[in-house]
Amino acid sequence: MERQRSKRRPLEWWERRKLENNGCRADDWSAIRLSDATDLSRIRNVEFAGAVSIGELDGTLGALIENARLENCMVGDNVIIRNIGAHISNCEIGERAKIANTAVIDFEAEATCGVGVEVCVLDETGSRPVTIYPGLSAQSALLMARVPKWNERHLKPILERHLDSFNSNHRIGAGAVILGCGLIRNVSIGDEVRIEGAENLRNGTIINNAPAGRCLSFVGSGVNAENFIIEDGIVDAGAILRNCYVGQGAIIEKGFTAHDSLFFANCSLENGEACAVFAGPYTVSMHKSSLLIGCQTSFMNAGSGTNQSNHMYKLGPVHWGILERGVKTSSDSYLMLGAKIGAFSLLMGQHKTHPDSSQFPFSYLFGDDKGATVVVPGIMLRSCGLMRDEKKWPTRDRRVKRRLPLHDRIVFDVLNPLTVENMLTALNVIDMLLTRPADDDRYLRYRGMKFTRASLERARHMYQLAIYKYLSVRVGKEGFPSAAGDAVPDQWVDIAGLPMTRSDLQRALDSESIGQLEEVFSESYERYPELERRWIASRFGEEWRRNPEVLADYAAEFDHMIEEDRTRYLEDLAAQSEMLAL
């Protein structure tokens, strides 16, 4: 618990004389306040302007104020402030804060410190603005971006009331560390936050929600950021941000540049560029030549040279697209937006026909020499890497390791009601496509995509195996849950890593406060296993209801397919190692 602030009083005449002898000066000495426990010998070469209040300074703790200009500041106990190039003004400095070798820290009277900034995500023209504030969740942000009329007509008045609850927090928190920085203007800094070597920070808030001693928030060398909120995240190594929110456990570093973008739980982005991107949980981009633009992602991994287009030179950058959870892009992949890429698919080559592969999850998508999309549906299901991803994501959750209150609700399941529903739909579409004659080039065409007959027949078997695997895991020995005779299966949507029913989504849209909105998401997350089981009961008819032993046999066949892939991979790896051996 933070110590009670020490009592402050006006200077005695002899204290003023001692400070003057230490090289200090003031516009008005009567406006200066000190604590009885302030060691005046620890204040040297300081210029005071306006009302300045200084707490305890204990030399045995290294507390010190020297070579600085303080203007209208309230300084906490046992701070270290030294070598300030210009001034620190109009703020409260928490106890044990350390500020050194920094040019300017100041606040303007009406500064909101980034709270309420509108981020023009997805559509760069600003038709889908997301308002950022402390505690913003990926789920709330996605609704703002994806349901703009609701955002404008319903949520905006609620948000205005919510934002009014945030006082302009012009402070540097207790135990904060600011070293070797340039300009810091209108930036609220939370308790224990570290800023080291930042170049230019304007109009932002850096928040620490972790328990004492576990702070994750950090801003490092060369960072240049304006109109931002960093909440339990890391921005380092020359990153440049404009109009951005960096969420819990997210890392932006190594020269990555971003504008009008949102980064949620455990994203990792280096070297490349993001414009108008909604980066849902676990979005990863590591390469210098990669450009993510105008897209929604989650659990994504972008290969080098990944690129998208959102500008057709007609109406401006109005095009955007969705890469459903788990999409990977290969080196030099290109996607012309708008497009919608199905979950856990691999995108390769150039795609210029605006494909919608959402009904075919777990697919390979190849771009041919004319920019058309050739789909090999379901082929990713045999990859051993798919189940590896599902296991590794929870172990890499930086939020849990720092004991943070979790803003973003994340369900890690690869096989979930959404992906399974799409596979069920795909089976019907495949049956329909197989009744058609192929075109002259031997492809079957659907929704801007091309399929071979052989790939569709193989996908039918793989999708069936995956569905049985899902049922085996979820139903197990308990058997299928019973459903009311007139029960209608819920429709599901993926809200930035949280699969939820459309009925719960409607409850969220009907919320009358931000707290109520977040509560709906939390309830949906907590009730996910129950809602999933209810969906299974109503969605799967007798043709799928096998006894546990039969389901186990199908699941074993699915597992064997993955194990074969793992074995082939390890054999290839061993052969490569032998080839490369000395």
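For the pair Arg546 (side chain) and Glu543 (backbone), a donor-acceptor distance under 3.5 Å is present. Side chain of Ser217 to main chain of Asp232: a donor-acceptor pair is present (N/O by atom type, distance under 3.5 Å, no hydrogens or angles).
A salt bridge does not link Glu530 to Arg533: none of the charged side-chain nitrogens sits closer than 4.0 Å to a carboxylate oxygen. Asp389 has a carboxylate O that lies under 4.0 Å from a charged side-chain N of Lys328, or vice versa, which qualifies the two as a salt bridge. Arg566 has no carboxylate O lying under 4.0 Å from a charged side-chain N of Asp559, or vice versa, which leaves the two without a salt bridge. Checked for salt-bridge contact, Arg507 and Glu523 meet the test: a charged N lies under 4.0 Å from a carboxylate O. Of the charged side-chain nitrogens involved, none lies within less than 4.0 Å of a carboxylate oxygen, so that Asp368 and Lys370 do not count as a salt-bridged pair. Electrostatic pairing of Arg460 and Asp431 counts as a salt bridge here, judged by a charged N lying under 4.0 Å from a carboxylate O.
Within the 4.5 Å cutoff, side-chain heavy atoms of Ile467 are placed close to those of Phe540. Using a 4.5 Å heavy-atom threshold, the side chains of Tyr245 and Leu136 count as touching. Side-chain contact between Asp356 and His354: absent, with no pair of heavy atoms (C-beta onward) separated by less than 4.5 Å. The side-chain heavy atoms of Glu518 and Ser137, taken from C-beta on, include a pair separated by under 4.5 Å. Leu346 is listed as a side-chain neighbour of Tyr364, based on a closest heavy-atom distance under 4.5 Å. In this structure, the side chains of Thr419 and Val414 stay at 4.5 Å or more apart for every pair of heavy atoms.
Neither side chain, Tyr334 nor Asn307, offers a donor N or O lying under 3.5 Å from an acceptor on the other.
Considering all non-hydrogen atoms of both residues, Ile341 and Ser357 come closest at CA-OG, 3.4 Å. Between Leu404 and Leu216, the shortest heavy-atom contact is CD1-CD2, 4.4 Å. Looking at every heavy atom in both residues, Leu517 comes nearest to Ser140 through CD2-OG, 3.3 Å. What you find for Ala372 and Lys450 is that their closest heavy atoms are CB-CD, 3.9 Å. Looking at every heavy atom in both residues, Cys275 comes nearest to Ser261 through C-OG, 3.8 Å. Considering all non-hydrogen atoms of both residues, Val121 and Ala145 come closest at CG1-CB, 3.7 Å.
Between atom CD of residue Gln296 and atom NZ of residue Lys340 there is a gap of 9.0 Å, rounded to the nearest 0.5 Å. Rounding to the nearest 0.5 Å places OH of Tyr528 at 13.0 Å from CE of Met500.
The aromatic ring centres of Trp544 and Tyr468 sit less than 6.0 Å apart.
Partner of Arg242 under the side-chain hydrogen bond (donor to acceptor under 3.5 Å, both in side chains) criterion, chosen from Asp260, Asn224, Thr257: Asn224.
Between Phe360 and Tyr446, the ring planes lie perpendicular to each other; the angle is over 60°, past the 30° to 60° tilted range. Aromatic ring pairs are classed by plane angle as parallel below 30°, tilted from 30° to 60° and perpendicular above 60°; the pair Trp393 and Tyr282 is tilted.
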Given salt bridge (charged side-chain N to carboxylate O under 4.0 Å, His left out), test Asp413 with Arg474 step by step and report yes or no.
-> CA-CA 11 Å; Asp413 299 342; Arg474 295 297 186 270; 3.0 Å; yes
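Annotation: cation-pi pair Lys469/Phe558 absent, no NZ/CZ under 6.0 Å from the ring centroid and within 45° of its normal.
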